[in-house]
Amino acid sequence: MAQPESPSQASATTADSKLQSGDGDTLVTQWKQRRTSIMSKASSGVQIDESKPVVSNRRRSTFKGIASSITSLLQVRRATKGRLSIPGLDELKFPKEKMENTYKMQPDQGQIFKTNDIKSIAQEVMEQTLHSVKYNSSICNRLVCDISQTIKNRVRGLNMARYRVVVYVFIGQCNGQSTMQMASRCVWDASTDNFCTTTYTNDSLVAVASVYGVYYE
């Protein structure tokens with residue numbers, strides 16, 4: 001007894017019959033047309049990759065024109081940038097010009113190391129900074145740097161040309177000791193070089209500031 005065919009089997013049979021009847025000739029015709037087009041383009045010198053879509057010459061020329069335009073714009077921009085002035089160029093800091101030696105072995109008149117003025121400056125700075133400070137090792141470690149830098153900046157404003165200024169500041173704890181001695185030794189020219197020392201004390205600390213001035217050419 002014959003079994004009835006399912007709808008899927010019936011559609012497959014119908015598609016096969018259509019392909020056998022007329023679609024075979026259509027596929028052959030399309031393949032011949034494509035083959036003829038490929039052979040004609042190959043004879044004209046154009047290489048065709050059958051696995052990739054063919055890009056027309058018109059589209060290729062458009063891409064080439066865009067690339068050349070971008071290249072031209074970049075060249076113009078470089079040329080223009082070379083001729084433009086850079087803003088802020090005049091404000092750039094250039095290294096100082098090194099002057100030749102003057103061979104001046106003595107300071108100018110009135111520009112010697114002024115011990116009295118420098119001593120007053122050091123005393124004033126220490127009194128203003130330490131008048132209400134209680135001794136603390138971490139705090140005094142920072143204060144000695146601040147005091148020495150302040151004294152040096154004010155001494156440089158005394159118009160002593162060709163003097164190298166060295167400031168040394170010491171802060172120690174005051175425990176009721178009666179005396180404290182400090183000493184220093186330098187090798188210099190006694191006719192031009194000099195120094196001054198001043199001290200400051202309160203209930204908890206003692207401070208000593210020494211300022212050295214060494215003349216150099």
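These values consider heavy atoms only, across backbone and side chains, with no hydrogens, waters or symmetry-generated copies.
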ask   = Between CD1 of Ile151 and CD of Gln149, what distance do you get to the nearest 0.5 Å?
value = 10.5 Å
query = Between Asp193 and Trp188, what is the shortest heavy-atom contact and its length?
reply = OD2-CB, 2.9 Å
query = When clusters are formed by joining ILVMFWY residues with side-chain heavy atoms under 4.5 Å apart, either directly or through shared neighbours, do Val206 and Leu143 land in the same one?
reply = no
remark   = Applying ring pair (Phe, Tyr, Trp, His ring centres under 6.0 Å) to Phe195 and not counting sequence neighbours gives Tyr212
Which atom of Thr199 lies closest to which atom of Gln123, heavy atoms considered = O-OE1, 3.1 Å
task = Kindly work out whether a path of hydrophobic side-chain contacts (I/L/V/M/F/W/Y, heavy atoms less than 4.5 Å apart) joins Val144 to Met126.
result = yes
Show me the donor-acceptor pairs, under 3.5 Å and distance only, between side chains in residues 135-142 and residues at least two apart or in other chains.
from, atom 1, to, atom 2, distance (Å)
Asn136, OD1, Ser138, N, 3.0
Asn136, OD1, Ser138, OG, 2.5
Asn136, OD1, Ile139, N, 3.3
Arg142, NH1, Asp146, OD2, 3.4

query = So how far is it from Ser132 OG to Asp203 CG, rounded to the nearest 0.5 Å?
reply = 12.0 Å
request  = Measure the shortest side-chain to side-chain distance between Phe113 and Ile118 over non-hydrogen atoms and say whether it is less than 4.5 angstrom.
outcome  = yes
What side-chain donor-acceptor pairs closer than 3.5 Å can you find for residues 157-175, not counting sequence neighbours?
from, atom 1, to, atom 2, distance (Å)
Tyr163, OH, Thr192, O, 2.6
Gln173, NE2, Asn175, OD1, 3.4

ask   = Looking at Val125, Leu130, Thr129, which hits side-chain contact (heavy atoms from CB on, under 4.5 Å) with Tyr200?
value = Leu130
request  = Determine, step by step, whether Lys104 and Tyr215 satisfy the side-chain contact (heavy atoms from CB on, under 4.5 Å) criterion, reporting the C-alpha distance in whole Å, the side-chain angles of both residues, the deciding distance to 0.1 Å, and the verdict.
outcome  = CA-CA 10 Å; Lys104 296 183 65 173; Tyr215 180 81; 3.9 Å; yes
key: Gap between atom NZ of Lys114 and atom CD1 of Ile121 - 0.5 Å precision   = 9.5 Å
inquiry  = On a heavy-atom basis, which atom in Thr198 and which in Lys119 lie closest, and how many Å separate them?
reply    = CB-CG, 4.2 Å
key: Under 3.5 Å donor-acceptor, Asn202 side chain and Val133 backbone   = yes
remark   = Heavy atoms of Gln128 and His131 approach each other most closely as O-ND1, 3.2 Å
